[in-house]
Amino acid sequence: MALIEIQNLHASVDGKEILKGVDLVIEPGTVHALMGPNGTGKSTLSNIISGRPGYQVTEGRILLNGEDIADMEPDQRANAGIFLAFQYPVEIPGVASSTFLKAAINAKRRFQGLGEIDAMEFLKLVKGKAKELGIRDDMLKRPVNVGFSGGEKKRADILQMALLQPQFAILDETDSGLDIDALRVVSEGVNSLRTADRSFLVITHYQRLLSYIVPDVVHVFAGGKIVRSGGPELAEELEAKGYADYVSAA
Ligand code: ADP
Ligand code: MG
Ligand code: MG
């Protein structure tokens, strides 16, 4: 069974149709890249999958492990294993990053019928993962994303993902604003999470990221839907030729 199946998804914001019939099937254990011009609905698609309010789905559906997720709240979707790394990470003044991460882990554990994570176990886990991602301990004490550099925010997002171990992770332009070292760290973080049943949707403008996180399938998104799909070579073609062919066709 597909992990994610999106069927003829149409969606609007304030009565303006943004998604115009998205079809996408993501099998367990695969990495899909979504590339395409700005302003065509890629972030809208990510937000709708994660259940962010403010969008109206007017047609079609999204299945997670064969179940329609239309009636699930954002937190239920997160607990069911959907993770979205934001294009623009939110700052949460007054909440230490480690407190936030612990709360996220405990929310998931409650959903699984488990008790709260042991304080020592949590510290060991978070420090270990942080170290792997090149995140300094003092960053964990600082408020979530407040005063973080672009690269630090992205690393913090990947740390959250590494701790939550989602079934399906969406990275929405997680590479934008990263220097080459941060890009490598983030990519290695993602690659270390690749398993036979976890899948990723990687939204990016750059082939560069996809030479680190090698996708199984590459999609071109234009005019509110997927207009072409292919293998990793499609990303190279897009890098060389741009989206002009698709923009005029969409
Ligand atoms: P992409 O991620 O491909 O750059 P977006 O999904 O961010 O594109 O945006 C697609 C279109 O939807 C744009 O025209 C954008 O202005 C519009 N849009 C997205 N979210 C909102 C919103 N909350 N309110 C109004 N318009 C929105
Ligand atoms: Mg349609
Ligand atoms: Mg976007």
Side-chain angles (χ1 to χ4, degrees), residues 4 6-24 26 31-62 69-70 73-74 77-78 82-91 145 150-151 153-158 160-161 166 168-178 182-183 186-187 190 199-210 213 215 217-230 234-235 237-239 241-250:
I4 290 282
I6 300 175
Q7 301 169 338
N8 189 36
L9 190 69
H10 291 250
S12 308
V13 176
D14 297 333
K16 180 183 163 208
E17 187 171 55
I18 312 287
L19 300 186
K20 302 176 181 175
V22 178
D23 292 298
L24 177 62
I26 299 183
V31 174
H32 289 237
L34 195 63
M35 306 180 80
N38 265 324
T40 53
K42 301 181 300 298
S43 293
T44 298
L45 177 64
S46 323
N47 289 334
I48 288 174
I49 295 171
S50 67
R52 194 167 178 184
Y55 302 89
Q56 298 85 46
V57 172
T58 53
E59 207 183 323
R61 52 185 200 155
I62 303 170
I69 64 171
E73 297 296 326
R77 295 182 195 204
I82 294 176
F83 178 87
L84 171 60
F86 287 117
Q87 183 171 7
Y88 305 107
V90 267
E91 299 184 1
N145 285 326
K153 286 180 181 174
K154 302 299 164 81
R155 283 177 205 223
D157 240 4
I158 299 297
Q160 193 191 342
M161 178 169 82
F168 178 58
I170 306 171
L171 308 182
D172 189 358
E173 295 193 32
T174 296
D175 53 332
S176 59
L178 293 189
L183 188 70
V186 164
S187 305
V190 171
S199 303
F200 295 85
L201 182 63
V202 179
I203 301 173
T204 181
H205 280 299
Y206 306 104
Q207 203 277 326
R208 193 177 72 158
L209 177 69
L210 303 179
I213 304 172
V217 188
V218 174
H219 306 278
V220 183
F221 193 97
K225 59 185 172 189
I226 289 170
V227 294
R228 194 176 158 201
S229 303
L234 180 53
E237 184 189 315
L238 293 168
E239 183 93 344
K241 297 195 347 197
Y243 302 119
D245 293 356
Y246 303 99
V247 174
S248 50

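Counting starts at 1 for both ligands and their atoms, following the listed order. The basis for the numbers below is simple: all heavy atoms, side chains too, and nothing from hydrogens, waters or symmetry mates.
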Q.
Can you tell me if Lys153 has over 12 outside heavy atoms packed within less than 6.0 Å of its NZ?
A. yes
Q: Considering only NZ, NE, NH1 and NH2 on the basic side and carboxylate oxygens on the acidic side, decide whether Glu239 and Arg208 come within less than 4.0 Å.
A: no
Q: Using a 4.0 Å heavy-atom cut-off, say whether Val13 meets ligand 1 through its side chain, its backbone, both or neither.
A: side chain
Q: Check whether any N or O atom of Ile18, backbone or side chain, sits under 3.5 Å from an N or O atom of ligand 1, and answer yes or no.
A: no
Q.
Can a side-chain donor-acceptor contact be found between Asp175 and Tyr206 if the only test is distance below 3.5 angstrom?
A. no
Q) Hey, is there an N, O or S on Ser43 sitting under 2.8 Å from the Mg ion (ligand 3)? A) yes
Q) Which atoms of ligand 1 sit under 4.0 Å from any heavy atom of Asn38? A) 4 (O)
Q.
Within the 4.5 Å heavy-atom criterion, are Met35 and Leu234 side-chain neighbours or not?
A. no
Q) Between Ala11, Ala222, Ser46, Gly41, which one has a non-hydrogen atom sitting closest to atom 10 (C) of ligand 1? A) Gly41
Q.
Under a 4.0 angstrom heavy-atom cut-off, which atoms of ligand 1 come close to Thr44?
A. 5 (P), 6 (O), 9 (O), 10 (C), 19 (C)
(Q) Distance under 4.0 Å to a non-hydrogen atom of Ser43: what atoms of ligand 1 satisfy this? (A) 1 (P), 2 (O), 6 (O), 7 (O)
Q: Can you figure out which of Gly36, Ser12, Pro37, Gly39 has its heavy atom closest to atom 4 (O) of ligand 1?
A: Gly39
Q.
Is it the case that ligand 1 has an N or O less than 3.5 angstrom from some N or O of Lys16?
A. yes
Q: Within a distance under 4.0 Å of any heavy atom of Lys42, pick out the atoms of ligand 1 and give their elements.
A: 1 (P), 2 (O), 3 (O), 4 (O), 6 (O), 8 (O)
(Q) To the closest 0.5 Å, what do you measure between CZ (Phe221) and OH (Tyr243)? (A) 12.0 Å
Q: Indicate yes or no: at least one non-hydrogen side-chain atom of Asp245 is less than 4.5 angstrom from one of Val220.
A: no
Q) Looking only at heavy atoms, which two atoms of Glu59 and Asn8 are closest? And how far apart? A) OE2-ND2, 2.8 Å
